[in-house]
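Structure first, commentary second.
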Amino acid sequence: MNTNSLQQHVNKPTRGNDILDLVMTITDLSINGLEVTDKIGDHQMIDFSLDVQDPNTRTQHKQVLDYKRANFELRKEELGSYNYEVLTSNKNAEEYYMILKNKIATATDHHIPRKRIRPTNNPTWFSQEIKRLINARQHSYRRLKQYQTEPHRQEHIHTCRAVKRTIKSTERNKEITVAAQAKTNPKSFYKYVNDRRLKRDTIGPLIDSEGSTQTSNKSKAKIINTYFTSVFTHEDLTEIPQPRALNTQEILSDDVFIVEEVEEQLTILTH
């Protein structure tokens with residue numbers, strides 16, 4: 001469970017004193033009102049509601065910053081026009097950070113426009129040609145199911161092979177291009193690597209000092225911060241050892257350096 005960042009939601013016995021029925025999710029966002037209720041035979045029933053997204057819900061567009069149309073000079077001028085000494089006077093580090101963050105966000109909104117994009121789950125190598133071939137494969141399959149003839153079967157086999165061949169070729173060409181541009185365009189390389197990952201590592205639910213399971217990002221950050229700060233030692237300042245007294249009776253009062261002697265010693269060092 002910990003390896004896959006799973007959370008087990010059933011925390012009460014479901015058969016005798018044992019928990020035999022499990023409900024596991026990556027986060028607790030999709031499970032609501034889980035309760036262990038009446039028995040059916042020798043098992044307790046588990047009642048909960050599961051939140052799922054309607055697959056027919058229309059994909060919402062996402063707004064992102066359009067850096068190609070940004071005016072960085074005006075943004076820089078606006079950020080330089082503030083008197084930060086006045087804004088941050090008598091402020092602690094957290095307040096200083098929030099002021100700077102808000103000013104940067106405001107200048108960004110003023111001088112960097114946004115554009116709408118539609119999120120997609122397609123891989124980076126997906127193209128319109130592949131989409132066209134997939135649609136053709138679906139049409140040929142429907143015709144094969146309808147007519148059940150040898151020509152339609154051969155047509156469907158041909159379209160299936162064309163899809164596989166095109167996908168394999170396009171994916172191979174994409175990998176060659178990304179590998180060739182890894183030094184000059186590292187963003188494209190790491191984006192392709194991340195898209196190929198089947199699972200993104202996340203921090204799963206954590207248990208705080210009181211034994212409660214915390215799933216929110218803020219709560220988990222506090223638990224981790226408390227753990228890391230606990231490793232620092234606190235010195236006892238009441239028993240500081242006294243330094244050993246040094247002999248200062250012989251004091252070097254004059255420093256005499258002769259150029260010839262220094263050059264001679266340097267010559268010895270070079271050899």
Please report the shortest heavy-atom distance between Leu87 and Ile99, naming the atom on each side. O-CD1, 3.4 Å
Could you pull out the closest heavy-atom pair between Ile46 and Thr14, with the gap in Å? CD1-CG2, 4.2 Å
Hydrophobic cluster membership, with links at side-chain heavy-atom distances under 4.5 Å among I/L/V/M/F/W/Y: are [X] and [Y] in one?
X	Y	value
Tyr84	Ile104	yes
Phe72	Leu65	yes
Tyr227	Ile224	yes
Val193	Trp125	yes

Mark yes or no for whether [X], through its side chain, and [Y], through its backbone, hold a donor-acceptor pair below 3.5 Å.
X	Y	result
Glu261	Phe257	no
Asn185	Gln181	no
Ser212	Asp208	no
Thr106	Asn102	yes
Asn135	Lys131	yes
Glu95	Asn92	yes
Thr170	Ile167	no

Min side-chain heavy-atom separation [X]-[Y] under 4.5 Å:
X	Y	value
Pro13	Asp18	no
Gln63	Lys115	no
Ile223	Gln214	yes
Arg75	Thr108	yes
Val178	Tyr190	no
Lys191	Thr124	yes
Thr213	Leu206	no
Lys222	Asn225	no

Mark yes when over 12 heavy atoms from residues, nucleotides or ligands other than [X] sit less than 6.0 Å from its [atom1]; otherwise mark no.
X	atom1	result
Tyr192	OH	yes
Tyr147	OH	no
Glu85	CD	no
Lys12	NZ	no

Please round to the nearest 0.5 Å and tell me the distance separating atom [atom1] of [X] and atom [atom2] of [Y].
X	Y	atom1	atom2	answer
Thr159	Leu133	OG1	CG	8.5 Å
Ile130	Arg137	CD1	CZ	11.0 Å
Gln138	Tyr141	CD	OH	11.0 Å

Glu78 vs Leu74, side-chain contact (heavy atoms from CB on, under 4.5 Å): CA-CA, chis, key distance, verdict: CA-CA 6 Å; Glu78 180 175 342; Leu74 291 179; over 6 Å; no
Side chains of [X] and [Y]: is there a donor and an acceptor less than 3.5 Å apart?
X	Y	answer
His156	Arg153	no
Gln154	Glu150	yes
Thr166	Ser169	no

Under 3.5 Å, which donor-acceptor pairs do the side chains of residues 237-246 form with other protein atoms, sequence neighbours left out?
| from | atom 1 | to | atom 2 | distance (Å) |
| --- | --- | --- | --- | --- |
| Thr238 | OG1 | Asp236 | OD1 | 2.6 |
| Thr238 | OG1 | Asp236 | OD2 | 3.1 |

Glu171 vs Lys174, test: salt bridge (Lys or Arg N to Asp or Glu O under 4.0 Å). Steps then yes/no. CA-CA 5 Å; Glu171 187 176 5; Lys174 177 66 177 180; over 6 Å; no
Would you mind checking if Arg132 and Glu129 are paired as a salt bridge, meaning a charged N to carboxylate O distance below 4.0 Å? yes
Look at Asp109 together with Arg114 and state whether they make a salt bridge at an N to O cut-off of under 4.0 Å. yes
cation_pi(Lys103, Tyr82) dist<6.0 Å, angle<=45: yes
